[in-house]
Protein chains: 2
Amino acid sequence: MADEDDEDDEGGAGGGTGLPASLEMAWGLRERPGKGPRPTLTLPRIVETAVALAAGEGMDAVSMGRVAKELGVSTMSLYRYVTAKEELYILMSDAGVGAPPALPPEAAGWGWRELLTRWAYAQRAVLMANSWILRIPITGAPVSPNQLAWMERGLAAMADAPLTEGEKISTIILIGGLVRNEATMAADMMDAIVKSGVSPDQVMGQYVRTLRLMTGPDTHPGVTRLLESDAFTGSDEPDFQFRFGLDRILDGLAALVEGRQAVQDGAEA
Amino acid sequence: MADEDDEDDEGGAGGGTGLPASLEMAWGLRERPGKGPRPTLTLPRIVETAVALAAGEGMDAVSMGRVAKELGVSTMSLYRYVTAKEELYILMSDAGVGAPPALPPEAAGWGWRELLTRWAYAQRAVLMANSWILRIPITGAPVSPNQLAWMERGLAAMADAPLTEGEKISTIILIGGLVRNEATMAADMMDAIVKSGVSPDQVMGQYVRTLRLMTGPDTHPGVTRLLESDAFTGSDEPDFQFRFGLDRILDGLAALVEGRQAVQDGAEA
DNA sequence: TAGTTCTGTGTATTACTTACACAGAAGAGC
DNA sequence: GCTCTTCTGTGTAAGTAATACACAGAACTA
């Protein structure tokens, strides 16, 4: 009945985080064991190769066999560094988002709104520049270094705001979700353009034409009005949708913050 | 140089929508051709079977072979009804969300905010009751009947609001994204609970414990504050996060609407 | 009755993840 | 230096999955 036999997952050398060995490696815990033969590969090199493959040929090209071939090793050797493909995905995702960019000195004077806005745009830029990240099915809460660094940066933006911790993390999740959703839609659009080989306007036009055939003023008055408008065709601003969503969220948050400050001011007076 | 030879996808019997045959079928276009032998299966029966499988054993159990076995036919016979697995996914998704629920009579007196709130909650309820839907990788814009019905319902909620069509559809996408994100997180949580076999609090506790090991006040002050708070452990309200996000969005939208109405009132005076 | 068209199916191809066992390398302890 | 332990890379193989292709036969049309 010794209670040390339920550590059936980790090798025991790690910090007992419950994380897979490769992730403890990514955090810098877990030394290389000094025993066996020198490894040919390193985890960063594997991840780097997989990322290059994803960036170049898309996520579909990333298979264990293909990554191994790219590295000049056998497929199974990768499993010495990673226990499952999903783990490689997490590491790729972490490498793909990278560390959040450094803040300029003048950021010290910025308020939560400016900071959150820049946070959102920076994240969006990263996702759109590495849109293969969006094709990785993420499941579970973030546990990798860079993902947490981004979370920290988002929380820091609201450090001085009169919000509870629950509200802060909810805001981070809310805006993070928006960023991801919008970037994914943009990537889908891109894929459709590349696959069909026609212009963005033509893709949209085809979609509108299709919807017109299935809908009508009787069954779908709202959709019909939408299709008659220039909401789809008029491509005035490419990121209108993103901007609109972010502005609504931040306006709503501002209302909450101002309400809190009014209460606080009233109590102080 | 005849221009009728670029219809290489659809069989020609359909309405020329550019949609795959199975989807035209779902829309009620495209009659059954009277020639060959009577089909053993029907598209709805295939979808129904696949949905039952997904609901019972999860999305991982849904393969073409398995669905066929469940129906007592050969794998390849399914390809007479669906050209690719992705198409079955779309049909499953459409069947899973179903038609939006009927509005009660008193809904006539509701404003856009109440209507949008109920729309969001109704959608969330459907996704959480059929969380396998969240495991289907969706790509591309909605083209199936029920998906469009939900979109229509959302647009209808804002029919009288002083918003442009572009703003309306952006709002639908914004809230729809929130609903999906939050439902997906809840489903991930559920999976973690089922897989580990422990209580929700224990899963959260393990996550917090893990994060504590990787973070510290120096490198992650915001995260540290978060972990010290009861944001994760205090499970006062299970849907706090969802409610919070929705309220922020609707508050932000309200600010926009009120601004518009003020301008309008000023012009009328 | 002949011809056309459509159905279900068997077979086979290709690709992918991963379990398992083995040969050999590198350090640890004596 | 020798032995033992531990760790590495690898080959093989099992299991699963999507789907291209061609064929036999059904049901309708002319």
**OP:** Any chance you could lay out the side chain to side chain contact (heavy atoms under 4.5 Å, CB included) test for A/Gln123 and A/Ile175, step after step, and finish with the verdict?
**Re:** CA-CA 10 Å; A/Gln123 211 166 358; A/Ile175 298 180; 5.9 Å; no

Subject >> Contact boundaries on DNA chain D for chain A, cut-off under 4.0 Å to non-hydrogen atoms >> reply: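 Terminal contacting nucleotides, 5' to 3': D/dT5 to D/dT12.
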
Just to be sure I understand the rule, does [X] reach a base, reach only the sugar-phosphate, or reach nothing, if contact means heavy atoms closer than 4.0 Å?
| X | result |
| --- | --- |
| B/Thr75 | base |
| A/Ser63 | sugar-phosphate |
| A/Arg38 | sugar-phosphate |

Original post:
For B/Gly34 and B/Gly72, take the nucleotide of DNA chain C holding the closest heavy atom to each; which residue's nucleotide lies nearer the 5' end?
Top reply: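 The residue mapped nearer the 5' terminus is B/Gly34.
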
**OP:** Return the 5'-most residue of the pair A/Met64, A/Gly36 with respect to DNA chain C, ranking by each residue's nearest nucleotide.
**Re:**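 Its nucleotide being nearer the 5' end, the pick is A/Met64.
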
Rounded to the nearest Å, what distance is computed from the [atom1] atom of residue [X] to the [atom2] atom of nucleotide [N]?
| X | N | atom1 | atom2 | result |
| --- | --- | --- | --- | --- |
| A/Arg66 | C/dA15 | CZ | C1' | 13 Å |
| B/Arg30 | C/dC6 | CZ | C1' | 13 Å |
| B/Met76 | C/dG10 | CE | P | 12 Å |
| A/Arg80 | C/dT17 | CZ | P | 18 Å |

Subject >> Carboxylate-amine/guanidinium contact A/Arg135 A/Asp188, below 4.0 Å >> reply: yes

**OP:** Keeping the roles fixed (side chain from A/Tyr89, backbone from A/Pro137), state whether a donor-acceptor pair exists under 3.5 Å.
**Re:** no

Subject >> Under 3.5 Å side-chain donor-acceptor pair for B/Thr49 and B/Glu70 >> reply: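 There is no such pair between these side chains.
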
Subject >> Note, B/Glu182 side chain near A/Ile173 side chain (heavy atom, < 4.5 Å) >> reply: yes

Original post:
Does the side chain of A/His220 reach to within under 4.5 Å of the side chain of A/Arg212, using non-hydrogen atoms?
Top reply: no

